[in-house]
Amino acid sequence: MSVSAYGPPIVVVLGVSGSGKTTVGKAVAEQLGVPFLEGDDFHPAANIAKMRAGHPLDDADREPWLRALAERIRQSAEADEGLVIACSALKRAYRDELRSGAGAGLWCLYLALDRATAWDRVSRRTGHFMPAVLVESQFATLEPLQPDEPGLTLDATTDLPALLRRVRAAVTRGDGRAGS
Ligand SMILES: Nc1ncnc2c1ncn2[C@@H]1O[C@H](COP(=O)(O)OP(=O)(O)OP(=O)(O)O)[C@@H](O)[C@H]1O
Ligand SMILES: [Mg+2]
């Protein structure tokens with residue numbers, strides 16, 4: 001059963017590294033009963049290598065990545081299927097590109113995190129390609145969710161069950177959806 005009267009949601013979980021996009025995104029997908037995808041899996045190999053070497057991506061690097069993600073989002077939108085994607089999508093322009101794949105159907109969950117906690121979380125993590133030094137460049141790039149972007153901003157240090165309750169409530173109400 002869908003939790004939303006507004007059709008299956010297509011959710012982009014965004015935020016800086018360490019904000020919990022993967023952790024929260026997987027749990028939201030499970031809660032909504034829709035597939036979960038990792039946005040990083042849509043990067044060309046050259047982008048992964050660049051990030052592993054500790055170099056931030058530029059907008060030209062991000063272009064093929066965002067196009068691939070928008071195409072994947074379009075597939076779900078056209079099939080009227082829900083989807084959750086964990087994706088840094090730090091700039092408004094990146095989110096606009098993703099929205100081009102889903103129109104008004106895209107719903108953004110922004111996990112807002114302070115620098116100190118982001119550093120702490122990322123530096124504790126091993127076996128991940130995002131070196132802690134890239135966290136700072138992410139904060140420099142970050143453009144928080146704007147009022148006209150359908151979605152929700154939540155404090156990323158909130159415990160997971162409380163985050164899930166808030167997401168469920170917002171999706172059920174159809175917050176920010178066309179016609180709501
Ligand atoms: N709400 C939370 N409360 C406490 N710890 C959390 C929360 N969300 C995530 N974490 C922890 O923070 C760390 C980073 O989470 P996660 O890997 O999901 O972040 P991410 O945004 O996907 O990062 P990246 O962009 O580098 O992939 C993990 O150790 C995770 O367990
Ligand atoms: Mg992640």
Side-chain angles (χ1 to χ4, degrees), residues 9-32 34-59 61-66 68-70 72-73 76 82-95 97-98 106-145 149 151-171:
I10 297 181
V11 180
V12 169
V13 185
L14 67 114
V16 298
S17 188
S19 59
K21 299 180 294 295
T22 300
T23 308
V24 177
K26 280 183 178 165
V28 167
E30 196 175 325
Q31 171 174 260
L32 296 173
V34 303
F36 170 79
L37 293 176
E38 193 62 74
D40 285 340
D41 292 344
F42 290 72
H43 274 297
N47 285 2
I48 303 277
K50 193 168 176 180
M51 287 190 280
R52 278 210 178 105
H55 303 298
L57 299 181
D58 59 29
D59 284 355
D61 298 323
R62 289 193 179 91
E63 190 48 45
W65 172 60
L66 290 168
L69 278 170
R72 180 61 188 81
I73 286 169
S76 283
L83 185 65
V84 176
I85 301 183
C87 171
S88 50
L90 296 175
K91 279 191 192 174
R92 169 74 194 243
Y94 307 158
R95 299 191 290 272
E97 189 143 351
L98 299 180
L106 196 79
W107 196 80
C108 291
L109 173 61
Y110 167 45
L111 298 172
L113 190 62
D114 61 282
R115 276 179 167 74
T117 311
W119 268 99
D120 186 56
R121 286 186 182 176
V122 170
S123 57
R124 278 168 202 271
R125 196 172 45 182
T126 54
H128 197 277
F129 70 70
M130 175 65 77
V133 68
L134 289 189
V135 170
E136 191 50 41
S137 84
Q138 297 218 332
F139 277 95
T141 306
L142 176 65
E143 293 172 2
L145 213 55
E149 294 184 90
L152 185 65
T153 296
L154 292 176
D155 179 343
T157 63
T158 310
D159 65 86
L160 190 59
L163 285 173
L164 290 175
R165 280 196 300 275
R166 285 175 204 169
V167 171
R168 189 182 183 92
V171 169

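Both counts, for ligands and for their atoms, begin at 1 and track the order of listing.
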Asks: Would you check if the Mg ion (ligand 2) lies under 2.8 Å from any N, O or S atom of Thr22?
Replies: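 It does: Thr22 brings an N, O or S atom closer than 2.8 Å to the Mg ion (ligand 2).
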Asks: Can you tell me if Glu30 has over 12 outside heavy atoms packed within less than 6.0 Å of its CD?
Replies: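 Counting neighbours around CD of Glu30, 12 or fewer heavy atoms of other residues, nucleotides or ligands fall under 6.0 Å, so no.
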Asks: In chain order, what residues pass the side chain to side chain donor-acceptor pair (under 3.5 Å) check against Asp41, with sequence neighbours excluded?
Replies: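 None.
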Asks: Quick one: does Gly15 get within less than 4.0 Å of ligand 1, heavy atoms only?
Replies: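 Per 4.0 Å heavy-atom rule, Gly15 does not contact ligand 1.
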Asks: Among Leu32, Val34, Val167, Leu152, which residue satisfies the side-chain contact (heavy atoms from CB on, under 4.5 Å) criterion with Val11?
Replies: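 The residue from Leu32, Val34, Val167, Leu152 that satisfies side-chain contact (heavy atoms from CB on, under 4.5 Å) with Val11 turns out to be Leu32.
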Asks: For ligand 1 and Thr157, I'd like to know whether there is a polar contact (N/O to N/O, distance under 3.5 Å).
Replies: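 In this structure, Thr157 places no N or O atom under 3.5 Å from an N or O of ligand 1.
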Asks: Any atom of ligand 1 sitting under 4.0 Å from a heavy atom of Gly18?
Replies: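 It does, in that a heavy atom of Gly18 comes within the 4.0 Å cut-off of ligand 1.
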Asks: Do Ser76 and Arg72 meet the criterion of a side-chain donor-acceptor pair at a distance under 3.5 Å?
Replies: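 Distance-only check passes for Ser76 and Arg72.
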Asks: Kindly say whether Val16 contributes a backbone atom to a donor-acceptor pair with the side chain of Lys21 at under 3.5 angstrom?
Replies: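 Yes; judged by distance alone, with no hydrogens or angles, the pair exists.
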Asks: Counting only heavy atoms closer than 4.0 Å, does ligand 1 sit against the backbone of Val16, its side chain, both, or neither?
Replies: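 Val16 to ligand 1: backbone contact only, side chain stays beyond 4.0 Å.
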Asks: Taking 4.0 angstrom as the limit and counting only heavy atoms of Ala156, give me the atoms of ligand 1 inside it, by number and element.
Replies: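 Listed by number with element: 1 (N), 2 (C).
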Asks: For ligand 1, is any non-hydrogen atom under 4.0 Å from Val122's backbone (N, CA, C, O), its side chain (CB onward), both, or neither?
Replies: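 Neither part.
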Asks: Considering the options Leu69, Leu14, Val13, Ile73, which one meets the side-chain contact (heavy atoms from CB on, under 4.5 Å) requirement together with Cys87?
Replies: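 Of the listed options, the one satisfying the test is Leu69.
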Asks: Just which atoms of ligand 1 are under 4.0 Å from any heavy atom in Thr23?
Replies: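 Those of ligand 1 that fall under 4.0 Å from Thr23 are 9 (C), 15 (O), 16 (P), 18 (O), 30 (C).
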Asks: Looking at Asp61, is its backbone amide N or carbonyl O close enough to the side chain of Asn47 to form a donor-acceptor pair, meaning the two atoms are under 3.5 Å apart?
Replies: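 Yes; judged by distance alone, with no hydrogens or angles, the pair exists.
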Asks: With heavy atoms of Leu163 as the reference, note each atom of ligand 1 found under 4.0 Å away.
Replies: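 The list of qualifying atoms is 1 (N).
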Asks: Pick one of side chain, backbone, both or neither for how Arg121 approaches ligand 1, counting any non-hydrogen atom pair under 4.0 Å.
Replies: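 It is the side chain that gets close, since no backbone atom is under 4.0 Å.
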Asks: Within the structure, does Val24 bring an N/O atom to less than 3.5 angstrom of an N/O atom in ligand 1?
Replies: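 N/O-N/O distance under 3.5 Å: no.
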Asks: Kindly confirm or rule out an N or O of Ser17 lying under 3.5 angstrom from an N or O of ligand 1.
Replies: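 Among all N and O atoms of Ser17, at least one is under 3.5 Å from an N or O of ligand 1.
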Asks: Sequence neighbours left out, what passes side chain to side chain donor-acceptor pair (under 3.5 Å) with Arg92? Give chain and number order.
Replies: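 Asp96, Gln146, Asp148.
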Asks: I want to know if ligand 1 touches Thr22 in the polar sense, i.e. an N/O pair below 3.5 angstrom.
Replies: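 In this structure, Thr22 places an N or O atom under 3.5 Å from an N or O of ligand 1.
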Asks: Hey, is Ala86 one of the residues with a heavy atom under 4.0 angstrom from ligand 1?
Replies: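 Outside the 4.0 Å threshold, so no.
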Asks: Is any NZ, NE, NH1 or NH2 atom of the basic residue among Glu136 and Arg115 found under 4.0 Å from an Asp or Glu carboxylate oxygen of the other?
Replies: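 The answer is yes: the pair qualifies as a salt bridge.
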